Amino acid sequence: MAALRAANTISTKLTTKTAAFCTRSMSSWWGHVDQAPKDPILGVTEAFLADPSPSKVNVGVGAYRDDDGKPVVLNCVRQAEARIAGNLNMEYLPMGGSNHMVEETLKLAYGENSEFIKDKRIAAVQALSGTGACRLFADFQKRYQPESEIYIPVPTWSNHHNIWKDANVSQKTYHYYHPESKGLDFSAMMDDIKNAPKGSFFLLHACAHNPTGEKGHFPFFDMAYQGFASGDPERDAKAIRIFLEDGHLLGISQSFAKNMGLYGQRVGCLSVLCEDEKQASAVKSRLQQIARPMYSNPPVHGSLLVSVILSDPDLKKLWLSEVKGMAERIIGVRSALRDNLEKLGSPLSWEHITKQIGMFCYSGLTPEQVDRLTREYHIYLTRNGRISMAGVTTKNVEYLAKAIHEVSKSS
Amino acid sequence: MDSVFANVFQAPEDPILGVTVAYNKDPSPVKLNLGVGAYRTEEGKPLVLNVVRKAEQKLVNDPSRVKEYLPILGLADFNKLTAKLILGADSPAILENRVATAQCLSGTGSLRVGAEFLARHYHQRTIYITVPTWGNHTKIFNLGGLNVKSYRYYDPATRGLDFQGLLEDLNAADAGAVVLFHACAHNPTGVDPTLEQWEQIRQLVRSKGLLPFFDSAYQGFASGNLDADAQSVRMFVADGGECFIAQSYAKNMGLYGERVGALSIVCKTAEIASKVESQVKLVIRPMYSNPPIHGASIVASILKDRDLYDEWTAELKEMADRIISMRKELFDALTTKESAHASGDLKLLKHVYMLRRQVKLSLKIMGALDICGHFVLITPPREKLGGKGAFMGEYVFSMVGVEFKEVREFFLLVDDGGVGFSGSWLIVLGLVFSWLVVVGGGSTWRTRGADSEGTPGDWSHIIKQIGMFTFTGLNVEQVKFMTTEYHIYMTSDGRISMAGLSSRTVPHLADAIHAATTQLA
């Protein structure tokens with residue numbers, strides 16, 4: 001009996017060792033996996049952080065900085081956070097997120113007294129900031145309009161292409177930016193919209209020009225900067241309101257990353273305006289079904305902050321003034337950058353710097369010029385020449401202008 | 001304007017989260033939610049761990065903290081500490097930098113990102129999951145791009161592990177397929193392989209070149225000890241092979257709604273791990289760009305501070321111990337002579353509630369109107385009714401929570417008093433009192449019956465099963481019965497969350513199980 005047990009033990013040990021040997025000598029399943037390229041936007045910040053130069057400037061990712069180049073946590077957010085810390089539980093939110101937060105968020109986009117909200121015609125769920133809202137919508141579009149295509153403006157946030165691609169939605173582009181005028185290519189855009197097959201989906205940036213009148217297409221607004229463009233959230237929602245007045249059904253992705261400085265909290269909202277309450281309920285239930293196998297339910301912390309701030313009149317007032325402050329600082333550095341470039345005697349026109357709106361400036365610099373900016377001047381921006389004005393300060397604007405002038409004066 | 005989404009129909013409720021929705025709608029005072037796996041205290045309240053409150057307060061009070069975007073893969077500290085938690089700080093895989101870790105949205109998010117990576121880069125698109133498994137697994141893997149097959153796991157006859165079936169099915173699995181394992185505290189069955197069985201599974205998996213994917217949602221909850229609960233995973237990693245691991249802090253740190261978790265991919269070499277990591281970023285970026293900062297910051301501050309870590313393990317053990325004691329109490333309640341003896345006030349409440357049901361039934365027969373859950377009996381003014389009778393009726397009805405309203409004008413075509421209405425009143429009262437007798441006597445009789453026999457069947461699986469859930473073995477009809485008659489909410493597969501029980505409510509549950517198994521065998 002003992003011999004049997006000993007034999008058993010030995011054989012088990014041998015088997016284990018053999019198995020271990022076999023496993024160690026097995027090759028990896030992942031030997032064929034290639035190094036992925038760095039994300040064109042987030043990779044910029046990584047490179048910036050790795051740079052030891054004292055004069056480095058980060059005008060890459062669109063995260064707001066104060067005039068000292070420091071990230072900002074809004075006062076209204078600090079107050080809201082002090083209020084909620086330690087008071088509430090951390091239970092799961094419903095799949096569609098916090099109803100309270102969604103209600104308040106819809107008011108921002110559709111209007112405080114929107115009839116659509118009253119009539120319960122909006123299917124809306126809390127989403128993982130703007131990216132998450134777009135992704136939910138893209139998955140939903142694939143599921144319920146599988147033959148449809150998404151028209152994405154050129155240029156756009158690079159991640160838009162990835163989002164609809166991963167959702168397996170066929171994508172096309174439409175004219176938007178006019179490189180010569182560095183402004184809107186309105187006629188080309190209208191042509192593209194008219195020529196697109198009926199029932200196409202159009203991705204529109206909310207604080208943008210509005211190609212009204214074209215029906216039969218589904219407009220999807222990505223509103224990531226409400227409040228940042230003009231300093232007034234109501235004004236920045238004008239395009240959406242015009243579409244609504246014209247009788248369009250539409251979808252909106254909202255984000256609180258920039259206008260409430262809640263970047264890392266991943267808090268946003270996806271809404272789809274429907275024909276009636278019943279349809280809205282059905283659409284919401286299906287959006288939830290898409291969220292469930294992706295992350296089950298959205299994170300609670302950020303949504304609490306949004307709820308508290310938007311539903312408290314004093315905090316909301318504070319927030320509006322802080323957003324205005326951020327927008328004004330950006331408008332201010334736009335002027336400063338343009339003035340500096342003109343003072344340096346640049347042969348090029350820089351009026352687009354002050355004509356363009358929002359956090360970014362499409363400088364018109366070529367990828368090669370951008371590379372020079374990074375190599376020679378330690379200035380970090382995306383290779384498409386997009387400058388995040390939020391990274392410009394009164395302290396670095398001269399240096400930035402000088403560098404831009406140097407790399408572009410011969411073009 | 002026509003909607004492009006006119007073809008969208010209402011989705012059914014999620015089978016697990018829908019249970020709570022139904023529970024919330026139920027007005028019964030004795031209702032019990034044993035559906036979703038969220039921990040509850042003895043008082044039935046959700047719990048935020050003290051150590052979590054401390055960590056959170058520290059974060060709030062720190063003015064240097066910002067809310068910037070995390071990197072795509074999340075908080076670096078959090079990732080390192082989380083990998084160490086499951087693998088052990090001295091794990092060769094960690095020391096050799098062979099682990100690619102990404103902070104993800106709790107367990108669900110980690111599984112989904114892992115699935116999408118596999119669908120893109122792995123040579124086999126099939127994943128095997130246990131029968132049964134967590135309801136969301138199939139959807140996650142399908143939407144992530146994998147084909148889902150199953151392998152035997154739970155044996156209904158023994159209410160334990162079907163080990164032979166498991167080995168046979170894995171042996172016959174498609175070459176190189178992915179296999180999902182629950183690291184500990186299997187959901188929904190609570191049935192875990194022993195360490196010896198895990199070793200056999202490991203050998204089989206390695207010899208067949210199958211790829212293990214561990215879902216670790218309950219580390220620390222199974223035995224109360226974090227290292228013990230990680231043994232299955234560590235065994236596989238110790239042999240030098242590759243695997244995927246999804247971790248969640250929802251339960252063991254009570255961070256449910258904060259969505260904190262991680263996906264770790266253990267690779268053969270550091271170089272491969274680095275490339276794999278870069279590709280995981282491409283999956284995450286178009287999904288949500290980068291993960292939420294709050295929960296991960298809390299976890300990191302707890303794991304990196306010796307005192308906070310010790311506090312956490314102590315609180316975790318308390319939760320695990322409370323669940324183990326609930327198992328024992330339920331088992332005792334179902335099997336001993338003193339079984340089904342509801343505590344004094346709960347028993348009365350139960351009687352009252354059953355009486356209320358009977359009264360409602362008789363009122364319905366009498367033509368009373370059900371207005372928003374209140375029964376409204378339209379009667380002529382009190383002066384016209386026999387004074388004492390009316391008073392008694394009102395008293396009885398109010399005792400069982402049935403609202404009684406009188407209306408000045410009496411609209412029905414009945415004579416003004418006389419035989420018509422006073423007579424009906426007597427009938428109603430008579431019915432009520434007879435129900436009292438029948439119901440009161442009946443239920444006492446039923447209770448006495450249960451006293452001497454205990455609930456039929458072998459209930460030892462309740463104390464043998466591990467973790468938050470018990471797979472009762474009740475069928476769909478029995479579950480439905482328990483919901484409608486006893487207002488006990490659970491998923492239709494008979495899974496109950498032990499975390500939702502307390503000493504006060506165990507007897508009610510035992511009663512319900514007893515009734516369900518004796519009346520609907």
Side-chain angles (χ1 to χ4, degrees), chain A residues 15 19-20 22-24 28-31 33-36 39 42 63 71 73 81-82 85-86 89-93 95 128-129 131-132 135 144-145 159 162-163 166 199 215 218 247-249 261-266 274-275 279 281-283 285-286 289 292-296 299-302, chain B residues 1 3-11 14 17 38 46 48 53 56-57 60 66-70 72 105-106 108-109 112 121-122 136 139-140 143 203 206-207 211 239-242 254-259 267-269 272 275-276 278-279 281-282 285-289 291-295:
Chain A
T15 323
C22 286
T23 326
R24 265 189 273 276
S28 169
W29 291 122
W30 317 114
V33 174
D34 288 326
Q35 185 77 25
D39 183 273
L42 303 178
V73 178
E81 201 163 47
N89 60 55
M90 289 166 169
E91 295 289 283
Y92 291 124
L93 282 178
M95 289 179 281
L128 293 159
S129 210
T131 308
R135 176 59 178 267
Y144 290 100
Q145 287 292 336
N159 205 23
N162 299 334
I163 291 171
D166 275 16
K215 300 210 171 93
F218 186 91
H248 285 277
L249 295 177
L262 295 176
Y263 308 95
Q265 307 291 340
R266 319 311 294 132
C274 303
E275 284 175 326
Q279 194 182 90
S281 172
V283 167
S285 73
R286 296 296 175 177
Q289 271 198 325
R292 177 51 159 158
M294 204 186 278
Y295 50 83
S296 279
V300 63
H301 190 75
Chain B
M1 194 184 185
S3 169
V4 294
F5 298 120
N7 57 331
V8 177
F9 292 104
Q10 187 79 22
D14 181 271
L17 303 177
V48 178
R53 288 212 188 280
E56 198 180 35
Q57 203 57 52
V60 169
V66 294
K67 297 193 181 306
E68 297 288 285
Y69 290 123
L70 285 179
I72 300 176
L105 280 101
S106 209
T108 306
R112 177 60 178 268
H121 299 287
Y122 191 52
N136 206 17
K139 287 187 223 112
I140 293 173
L143 285 178
Q203 287 177 31
R206 294 309 193 198
S207 69
L211 178 66
D239 68 16
E242 297 178 321
L255 292 172
Y256 307 93
E258 302 294 346
R259 319 310 294 130
C267 306
K268 270 282 163 195
T269 68
I272 291 176
K275 292 190 190 169
V276 162
S278 71
Q279 292 288 345
K281 282 188 197 174
L282 296 191
R285 177 55 157 155
M287 209 186 271
Y288 51 84
S289 283
I293 187 173
H294 192 71

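A note on names: the letters A, B, ... follow the listed sequences, proteins ahead of strands, and every chain is numbered from 1. Keep in mind that what you see is a predicted model, and the values were worked out from it rather than measured. Below, each value reflects all heavy atoms present in this structure, side chains not excepted, and no hydrogens, waters or symmetry copies.
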Review point. Going by heavy atoms in the side chains, are B:Pro286 and A:Thr131 under 4.5 Å from each other?
Key: no
Point to revise | Pairs of heavy atoms under 4.5 Å with chain A: top-ranked of B:Val66, B:Asn136, B:Asn7, B:Thr269 | key: B:Asn136
Practice item. Sort B:Val48 into side chain, backbone, both or neither according to what part of it lies under 4.5 angstrom from a heavy atom of chain A. Key: side chain
Review point. For B:Ile272, is it the side chain, the backbone, both, or neither that has a heavy atom closer than 4.5 Å to a heavy atom of chain A?
Key: side chain
Review point. Mind checking what makes salt bridge (charged side-chain N to carboxylate O under 4.0 Å, His left out) contact with A:Arg292, not counting sequence neighbours?
Key: B:Asp14
Exercise for review: For A:Arg135, check salt bridge (charged side-chain N to carboxylate O under 4.0 Å, His left out) against everything at least two apart and list the hits.
Suggested key: A:Asp139, B:Glu116
Check your understanding: With a 4.5 Å limit on heavy-atom distance, are the side chains of B:Arg112 and A:Pro293 in contact?
Key -> yes
Practice item. Calculate, to the nearest 0.5 Å, the distance between atoms NZ and CD belonging to B:Lys67 and A:Glu81 respectively. Key: 3.5 Å
Revision key, fill the gap. In this structure, CD of A:Gln289 is separated from CG of B:Leu143 (nearest 0.5 Å) by 9.5 Å
**Study point:** Winner by heavy-atom pair count (cut-off under 4.5 Å) against chain A, out of B:Leu70, B:Ile72, B:Leu105
**Key:** B:Leu105
Point to revise | B:Ser289 versus chain A, the contacting section by heavy-atom distance below 4.5 Å | key: both
Review point. Is chain A contacted by the side chain of B:Lys139, its backbone, both, or neither, given a heavy-atom distance below 4.5 Å?
Key: both
**Study point:** Mutual orientation of the aromatic rings belonging to B:Tyr69 and A:Tyr263 [parallel < 30°, tilted 30-60°, perpendicular > 60°]
**Key:** perpendicular
Study note, to complete from the structure: Taking every heavy atom of B:Glu68 against every heavy atom of A:Ala63, the minimum-distance pair comes out as OE1-CB, 3.9 Å
Point to revise | Note, B:Arg285 side chain near A:Asn159 side chain (heavy atom, < 4.5 Å) | key: yes
Revision key, fill the gap. Taken to the nearest 0.5 Å, the spacing of A:Met90 CE from B:Arg53 CZ works out to 7.0 Å
Study note, to complete from the structure: Interatomic distance, CD@B:Glu258 vs CD@A:Gln265, rounded to 0.5 Å, equals 8.5 Å
Check your understanding: Which pair of non-hydrogen atoms, one from A:Ala36 and one from B:Ser278, has the smallest distance, and what is that distance?
Key -> N-OG, 2.9 Å
Review point. To the nearest 0.5 Å, what is the distance between CD (A:Glu91) and OH (B:Tyr256)?
Key: 6.5 Å
**Study point:** Under 4.5 Å from any heavy atom of chain B - which part of A:Val283
**Key:** both
Practice item. Please round to the nearest 0.5 Å and tell me the distance separating atom CG of A:Asp166 and atom CG of B:Leu282. Key: 8.5 Å
Review point. If every non-hydrogen atom of A:Ala85 is compared with every non-hydrogen atom of B:Val60, which pair is closest and at what distance?
Key: CB-CG2, 3.7 Å
**Study point:** Donor-acceptor contact present, side-chain A:Arg266 to main-chain B:Tyr288, <3.5 Å
**Key:** yes
Check your understanding: Are any of the side-chain heavy atoms of B:Lys275 and A:Asp34 separated by less than 4.5 Å?
Key -> no
Review point. With only heavy atoms counted, which part of A:Ser129 is less than 4.5 Å from chain B, the side chain, the backbone, both or neither?
Key: neither
Practice item. Measure distances from A:Tyr92 to the heavy atoms of chain B and classify the residue's part below 4.5 Å as side chain, backbone, both or neither. Key: both
